[in-house]
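Report on the following structure.
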Amino acid sequence: MKEIVLTKKKNGMIVLILTLFALLIAIGLTVYGGILLDQGKSPVAFIIGMIMLFLIWIPFCGLKVLKPQEALVLTLFGTYIGTIKGDGFFFVNPFCTAVNPAAKTKLNQSGDVTTRPAVSSQQQPEAINNKISLKIMTLNNNRQKINDCLGNPIEIGIAVTWKIVDTAKAVFNVDNYKEFLSLQCDSALRNVVRIYPYDVAPNVDTTGDGIADEGSLRGSSEIVAERIRKEIQLRVDEAGIEIVEARITYLAYAPEIAAVMLQRQQASAIIDARKMIVDGAVGMVEMALERLNEKNVVELDEERKAAMVSNLLVVLCGNHDAQPVVNSGSLY
């Protein structure tokens, strides 16, 4: 389905003026014909005036008003005839029908795709607006629980900004383009997230080139978001939708493993800190022994060196401040 933009329909004001002028003429003919009819003369003027009054409402059905970034997809007896876009006052065939299958579907701010509740007998039904918005809109889908490439359940949410670029595809290629977009976002999100680990993990290939890399959901959020955007775009091209941007709005471990993964992260942080402390302590001991040897401050045998190294490591690697012990005797 190819979009046809109707560019020569922006003459609503002229048609409105002419229709109002014809309405005045019809009223005048009806009144004048009624007078002649009372006088027993020909009823032709009265009949013409009545026919004009009966048909004069038809041109009003073809008058359409559009705001900026709005469009109307028009069909005539089931055949697509074109789309009018842009702001202005338009006149189209009065028998044309505006089509928008997603008019009753509302994408809430939370991202849920819902339809309006059934109208009760005490409520007045809302007017259906078949105009299609061409503005950039945001879909904030609900958080999903997905397993990453290591099998860890995580919760993730995305916000997708999108707009309609082909109204004919959006209306005729899919049943409901809003619901279609929401479902494709969920599917694309699952396909991309299952490729990445939550955090950097060894021997994981996230690019598909057969080489392990350091890609992760937490550390490569920009790359993951762009990959999600491209995945969604491939799926919604047939619906005439352009995905402007996709962003990760929420990322966390699922509640059932969040506490365990927090302990794991704490243990990993403690190990890294201890490793750094030990590396630094060993370097300081080496430096101390080298300086003592260079300055010939004292000569130590292997046993005394071992005792000195042990004491220094205890002091440098301990969690608490060391308590000094003063030796007042001889070294040996």
Side-chain angles (χ1 to χ4, degrees), residues 105 107-114 136-165 169-170 173-269 271-272:
T105 304
L107 292 179
N108 292 336
Q109 188 174 2
S110 62
D112 297 331
V113 179
T114 58
I136 296 177
M137 292 173 283
T138 301
L139 172 63
N140 187 19
N141 263 14
N142 286 336
R143 300 171 187 174
Q144 295 189 65
K145 184 182 291 185
I146 307 172
N147 291 340
D148 66 1
C149 68
L150 301 179
N152 298 321
I154 63 171
E155 289 186 348
I156 185 171
I158 59 170
V160 178
T161 54
W162 59 282
K163 64 179 180 179
I164 294 177
V165 294
K169 288 183 177 180
N173 283 7
V174 294
D175 183 57
N176 188 315
Y177 61 86
K178 290 183 180 180
E179 292 181 352
F180 178 79
L181 173 63
S182 180
L183 294 175
Q184 295 305 322
C185 287
D186 292 345
S187 177
L189 181 62
R190 288 184 176 275
N191 286 343
V192 174
V193 168
R194 64 180 177 83
I195 300 174
Y196 289 85
Y198 178 86
D199 215 337
V200 178
N203 303 322
V204 174
D205 175 24
T206 61
T207 59
D209 57 1
I211 302 175
D213 52 69
E214 296 184 353
S216 66
L217 296 174
R218 189 173 66 89
S220 310
S221 58
E222 294 290 335
I223 298 175
V224 175
E226 179 61 21
R227 197 165 180 176
I228 293 173
R229 187 197 69 81
K230 291 180 179 179
E231 181 80 9
I232 300 173
Q233 185 63 67
L234 290 175
R235 296 169 179 267
V236 299
D237 272 339
E238 287 300 316
I241 296 174
E242 178 185 345
I243 306 300
V244 180
E245 186 182 37
R247 290 290 178 184
I248 296 176
T249 58
Y250 181 84
L251 179 64
Y253 283 112
E256 56 265 28
I257 67 165
V260 176
M261 299 308 293
L262 178 60
Q263 291 178 355
R264 178 182 176 184
Q265 291 177 352
Q266 291 174 342
S268 178
I271 292 173
D272 292 340

Walk me through whether Ile156 and Leu189 qualify under side chain to side chain contact (heavy atoms under 4.5 Å, CB included). CA-CA 9 Å; Ile156 185 171; Leu189 181 62; 4.0 Å; yes
Apply the test side chain to side chain contact (heavy atoms under 4.5 Å, CB included) to residues Thr105 and Glu179: give CA-CA distance (whole Å), side-chain angles for both, the deciding distance (0.1 Å), then the verdict. CA-CA 8 Å; Thr105 304; Glu179 292 181 352; 4.1 Å; yes
Please check: side-chain N/O of Asp148 versus main-chain N/O of Arg194, any donor-acceptor pairing under 3.5 Å? no
Validation row: Pro197, Thr206 side chains within 4.5 angstrom (heavy atoms): yes
Can you sort out the partners of Tyr198 under ring pair (Phe, Tyr, Trp, His ring centres under 6.0 Å), two or more places apart, ordered by chain and number? Tyr253
I want to check something: taking the side chain as every heavy atom from C-beta on, are Val160 and Glu245 in contact at a cut-off of under 4.5 Å? no
Only one of Gln233, Arg235, Arg227 passes side chain to side chain donor-acceptor pair (under 3.5 Å) with Glu231, and that residue is Arg235
So, the side chain of Ser220 versus the backbone of Gly215: is there a donor-acceptor pair under 3.5 Å, distance only? no
If I take atom OG from residue Ser221 and atom CG from residue Leu251, how far apart are they, to the nearest 0.5 angstrom? 8.5 Å
Which residues share a salt bridge (Lys or Arg N to Asp or Glu O under 4.0 Å) with Lys145, sequence neighbours left out: Glu256
Test side chain to side chain contact (heavy atoms under 4.5 Å, CB included) applied to Tyr177 and Ile164, step by step: CA-CA 9 Å; Tyr177 61 86; Ile164 294 177; 3.5 Å; yes
Do the non-hydrogen side-chain atoms of Glu222 and Arg247 ever get within less than 4.5 Å of each other? yes
Can you tell if the side chain of Leu217 reaches within under 4.5 Å of the side chain of Asp199, non-hydrogen atoms only? no
OG1/Thr249 to CZ/Arg143 distance, rounded to the nearest 0.5 angstrom? 7.5 Å
Over all atoms of both residues, closest heavy-atom pair of Asn140 and Ile158: OD1-O, 3.3 Å
Just wondering, more than 12 heavy atoms not from Ile223 lying within 6.0 Å of its CD1? no
If you take all heavy atoms of Val224 and Ser216, which pair is closest and at what distance? CG2-O, 4.0 Å
Non-hydrogen side-chain atoms of Arg190 and Gln144 separated by less than 4.5 Å: yes
Can a donor-acceptor pair be found, under 3.5 Å and without considering hydrogens, that links the side chain of Lys163 to the backbone of Glu242? no
Any side-chain heavy atom of Leu139 within less than 4.5 Å of one from Ser182? yes
Output the distance between atom NZ (Lys178) and atom CG (Leu183), rounded to the nearest 0.5 Å. 14.5 Å
Taking the side chain as every heavy atom from C-beta outward, state whether Trp162 and Leu181 have any atom pair closer than 4.5 Å. yes
Hey, what do you get for CD1 (Ile154) to CZ (Arg218), rounding to the nearest 0.5 Å? 12.0 Å
Do you know the tightest heavy-atom contact between Cys149 and Ile195? CB-O, 3.6 Å
